[in-house]
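See below for the structure under consideration.
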Amino acid sequence: EDQVTQSPEALRLQEGESSSLNCSYTVSGLRGLFWYRQDPGKGPEFLFTLYSAGEEKEKERLKATLTKKESFLHITAPKPEDSATYLCAVQEGGGADGLTFGKGTHLIIQP
Amino acid sequence: GAVVSQHPSWVICKSGTSVKIECRSLDFQATTMFWYRQFPKQSLMLMATSNEGSKATYEQGVEKDKFLINHASLTLSTLTVTSAHPEDSSFYICSAREGAGSPLHFGNGTRLTVT
């Protein structure tokens with residue numbers, strides 16, 4: 001069973017059409033949930049870290065929220081340059097330092 | 001901000017040869033770096049955790065004799081794919097953090113193609 005599940009796998013929106021991406025996780029003792037943006041052929045670019053349920057963070061047109069079971073990445077009035085794959089990752093409690101990633105949501109914003 | 005540089009960005013090699021990939025933290029020291037592999041349309045899979053001055057910790061299923069990791073300084077980790085085969089063709093990405101509690105910052109990846 002995947003520990004991090006992102007949905008939808010792909011999403012096509014018109015410019016200005018707001019929507020939300022979902023990240024569900026099943027890990028114990030969450031230390032942190034991370035959102036990254038990845039452009040084709042590039043490494044992931046850090047967006048947000050969320051640590052506890054109820055926490056919210058914003059950056060330009062993006063807002064990330066966290067509950068005990070999932071996180072949402074809300075995108076408001078997106079622009080074509082927001083097109084990318086958005087990755088969610090979790091860091092579990094315990095000694096492990098690495099992140100466990102979901103498969104990502106491929107977002108396309110059409111002008 | 002924290003910058004992680006990875007080199008080369010792409011490499012093509014023949015089956016049976018070895019390839020070395022470098023990962024550098026440019027403006028911070030990283031006692032721990034991480035190596036990931038990503039297949040097309042798949043998530044990043046953690047291969048190993050690289051610790052400065054000590055042996056790397058490999059994830060289950062990753063052959064330590066095939067993927068040699070060296071972390072000789074606080075700003076440099078290398079991944080050597082030994083005796084590469086076509087099935088090793090993938091996108092390899094390194095990452096590092098400035099300190100405990102800081103987010104991971106990623107390099108731009110290395111596209112390895114083994115012919």
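From a predicted model like this one, the values you see are computed outputs, not experimental measurements.
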Close side-chain approach of A/Phe101 to A/Val4, heavy-atom, < 4.5 Å: no
Chain A contact via B/Leu104 - side chain, backbone, both or neither, heavy atoms under 4.5 Å: both
When you scan chain A against chain B, which donor-acceptor pairs turn up at less than 3.5 Å?
unit_1, atom_1, unit_2, atom_2, d
A/Tyr36, OH, B/Leu104, N, 3.4
A/Tyr36, OH, B/Leu104, O, 2.6
A/Gln38, OE1, B/Gln38, NE2, 3.2
A/Gln38, NE2, B/Gln38, OE1, 3.0
A/Gly43, N, B/Asn108, OD1, 3.4
A/Tyr51, OH, B/Gly101, O, 3.1
A/Leu99, N, B/Tyr36, OH, 3.0
A/Leu99, O, B/Tyr36, OH, 3.2

Part of A/Leu99 lying under 4.5 Å from any heavy atom of chain B: both
Within residues 13-24 of chain A or reaching into it, pairs that qualify as salt bridge (Lys or Arg N to Asp or Glu O under 4.0 Å) - sequence neighbours excluded: none
A/Arg12 atom CZ, over 12 foreign heavy atoms within 6.0 Å: no
4.5 Å side-chain heavy-atom contact, A/Leu73 and A/Thr65: no
Residues which pass salt bridge (charged side-chain N to carboxylate O under 4.0 Å, His left out) with A/Lys63, listed by chain and number, not counting sequence neighbours: A/Glu56
Pairs flagged by salt bridge (Lys or Arg N to Asp or Glu O under 4.0 Å) wherever residues 64-76 of chain A is involved - sequence neighbours left out: none
B/Cys23 side chain near B/Leu76 side chain, heavy-atom distance below 4.5 Å: no
Chain A contact via B/Leu44 - side chain, backbone, both or neither, heavy atoms under 4.5 Å: both
